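Take a look at the structure set out below.
Throughout, numbering of the chain's residues begins at 1 and tracks the sequence. Being a predicted model, the structure only gives us computed values, none of them experimental. In listed order, ligands and their atoms are each counted from 1.
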Amino acid sequence: MRDPRAIVITGASSGIGEALACAYAAPGVRLALTGRDAGRLGAVADRCRSLGAEVEEAVVDAADRAAMADWLGGLDRRAPVDLVIANAGVSAGTGGGTESEEQARRIFQVNVDGVLNTVHPLLPGMQARRRGQIALMASLAGFRGMPGAPAYCASKAAVRVYGESLRGDLAGQGIGVSVICPGFVKSRMTAVNRFPMPFLMETDRAAQVIRRGLARNRGRISFPWPMAAAVWLLAALPAGWTDALLRQAPRKG
Ligand SMILES: NC(=O)c1ccc[n+]([C@@H]2O[C@H](COP(=O)([O-])OP(=O)(O)OC[C@H]3O[C@@H](n4cnc5c(N)ncnc54)[C@H](OP(=O)(O)O)[C@@H]3O)[C@@H](O)[C@H]2O)c1
């Protein structure tokens with residue numbers, strides 16, 4: 001969609017979500033932003049207001065289905081949502097050990113259930129209007145399971161494949177669906193990584209790439225291209241060839 005006017009962005013209190021909120025903020029645009037940290041979220045909302053947007057912010061846990069349905073339902077009734085960007089996500093690694101069950105479940109609750117909790121309350125309205133756009137934040141980490149981040153990789157694979165399927169189902173109903181697959185982007189999430197991150201990108205640059213891709217209703221917005229090509233190759237090669245290589249890769253803490 002070229003000029004969405006009513007936009008929901010989850011996880012807008014920092015990183016890519018914050019950069020996207022600022023990229024879309026302009027006079028005539030209504031932004032609805034969430035996160036859990038009220039202070040950081042409020043600061044982003046104020047910045048977007050100073051850029052001319054009308055902003056409604058809410059501290060909501062994306063994993064809380066009832067709270068998300070309540071908030072999104074109210075928003076859609078007040079101003080029909082044109083574009084929803086399900087961006088909120090968490091990441092954690094094994095630090096060289098084994099991922100705990102608790103950590104794995106929490107990652108799935110936020111990264112997978114959180115996406116469903118964001119999309120589904122808005123879907124009936126978009127279908128009735130035969131208009132809308134849905135953007136799901138996946139990752140290049142969702143193309144091949146990497147040792148060191150099993151739940152994170154799997155959650156992003158689920159989001160990517162879910163979005164790709166949804167795109168086909170909703171295409172005839174006037175609703176666009178895109179999956180966003182970034183490589184490494186500078187944010188609070190990657191700030192904890194203690195290993196070199198190839199082609200590390202600034203959040204503002206990532207937001208520009210995403211915005212351009214969404215304006216063109218691209219099915220998959222993968223970037224930067226050398227990383228996208230590398231994970232494509234990793235996923236295409238037989239696992240037996242790449243397992244040993246990936247076992248040597250540094251682990252996320
Ligand atoms: N940075 C990268 O290299 C990279 C690469 C590929 C994909 N991604 C994806 O991009 C998205 C944004 O990540 P980022 O890099 O911008 O990291 P970030 O700066 O840590 O931002 C994560 C955002 O998600 C929010 N969030 C986390 N848990 C939440 C929950 N339960 N409910 C509501 N909001 C929640 C955070 O808000 P609070 O802190 O206020 O809770 C924050 O606004 C994530 O889905 C991530 O997996 C990032």
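Note: Phe195 and Phe184 have perpendicular aromatic rings, judged against thresholds of 30 and 60 degrees for the angle between ring planes.
Numbered from 1 in the order shown, with element, the atoms of ligand 1 that lie under 4.0 Å from a heavy atom of Ile16 read 10 (O), 16 (O), 48 (C). Listed by atom number, the atoms of ligand 1 under 4.0 Å from Gly15 heavy atoms are 16 (O), 19 (O). Interface atoms of ligand 1 facing Arg40, defined by a heavy-atom separation under 4.0 Å, are 39 (O), 40 (O). Using a 4.0 Å cut-off to heavy atoms of Asp37, the atoms of ligand 1 that qualify are 38 (P), 40 (O). Of all the atoms in ligand 1, the ones that sit under 4.0 Å from a non-hydrogen atom of Gly183 are 2 (C), 3 (O), 4 (C), 5 (C), 6 (C). Listed by number with element, the atoms of ligand 1 under 4.0 angstrom from any heavy atom of Val90 are 27 (C), 28 (N). Short contacts between ligand 1 and Thr190, defined as distances under 4.0 Å to a heavy atom of the residue, involve ligand atoms 1 (N), 2 (C), 3 (O). Residue contact check: Ser13 has heavy atoms under 4.0 Å from atoms 36 (C), 37 (O), 38 (P), 39 (O), 40 (O), 42 (C), 43 (O) of ligand 1.
Taking a cutoff of 4.0 Å between a charged side-chain nitrogen and a carboxylate oxygen, Arg106 and Glu102 do not qualify as a salt bridge. A salt bridge is absent between Arg105 and Glu99: the closest approach of a Lys/Arg side-chain nitrogen to an acidic carboxylate oxygen does not fall below 4.0 angstrom. With salt bridges taken as basic N to acidic carboxylate O contacts below 4.0 Å, none links Arg36 and Asp64.
Contact analysis leaves Ser91 out of contact with ligand 1, as no non-hydrogen atom separation drops below 4.0 angstrom. Residue-ligand proximity: Glu18 is placed with every non-hydrogen atom at 4.0 Å or more from ligand 1. Not a single heavy atom of Ile180 sits less than 4.0 Å from an atom of ligand 1. Using a non-hydrogen distance threshold of 4.0 Å, Thr10 does not register as a contact of ligand 1. Residue contacts with ligand 1: Thr34 is excluded, as none of its non-hydrogen atoms falls under 4.0 Å.
Residues Asp243 and Arg247 are in side-chain contact: their nearest non-hydrogen atoms beyond the backbone lie under 4.5 Å apart. Looking at heavy atoms from C-beta onward, Phe108 lies out of side-chain contact with Asp113 at the 4.5 angstrom threshold. Contact check for Glu18 versus Thr203: no side-chain heavy atoms found under the 4.5 Å cut-off. Put simply, the side chain of Met68 reaches to within 4.5 Å of the side chain of Thr10, judged on heavy atoms.
For atom 9 (C) of ligand 1, the closest non-hydrogen atom on the protein side is Met137 CG, 3.5 Å. At the shortest separation from atom 14 (P) of ligand 1 among protein heavy atoms lies Ser187 OG, 3.4 Å. With respect to atom 12 (C) of ligand 1, the closest heavy atom belonging to the protein is Asn87 OD1, 3.3 Å. Taking atom 20 (O) of ligand 1 as the reference point, the nearest protein heavy-atom neighbour is Met189 N, 3.7 Å.
Atom SG of Cys48 is separated from atom OH of Tyr24 by 12.5 Å, given to the nearest 0.5 angstrom.
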task = Report the C-alpha distance between Leu83 and Val8 in whole Å, list the side-chain angles of each, state the deciding distance to 0.1 Å, and finish with yes or no for side-chain contact (heavy atoms from CB on, under 4.5 Å).
result = CA-CA 6 Å; Leu83 167 64; Val8 174; over 6 Å; no

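Residue contacts with ligand 1, taken as heavy atom pairs separated by less than 4.0 Å, do not involve Lys186 at all. The residue Met197 has no part lying near ligand 1, judged by heavy-atom distances below 4.0 Å. Only the backbone of Ala12 comes within 4.0 Å of ligand 1, judged by heavy-atom distances. Contacts of Val60 with ligand 1, taken as heavy-atom pairs under 4.0 Å, involve the backbone alone. Proximity of Arg106 to ligand 1, defined as any heavy-atom pair under 4.0 Å, is confined to the side chain (atoms from C-beta onward).
With no hydrogens or angles considered, no side-chain donor-acceptor pair links Arg2 and Asn217 at under 3.5 Å. A donor and an acceptor atom, one from each side chain of Ser178 and Arg220, are nowhere located under 3.5 Å apart.
No side-chain donor-acceptor contact under 3.5 Å links Thr118 to the backbone of Ala86.
Here the shortest heavy-atom distance to atom 2 (C) of ligand 1, taken over Leu136, Val185, Leu200, belongs to Val185. When the options Ala88, Ala62, Gly89, Ala138 are ranked by their closest heavy atom to atom 27 (C) of ligand 1, first place goes to Gly89.
The side chain to side chain donor-acceptor pair (under 3.5 Å) test with Asp82 singles out one residue from Arg5, Gln133, Arg131, Arg129, and that residue is Arg131.
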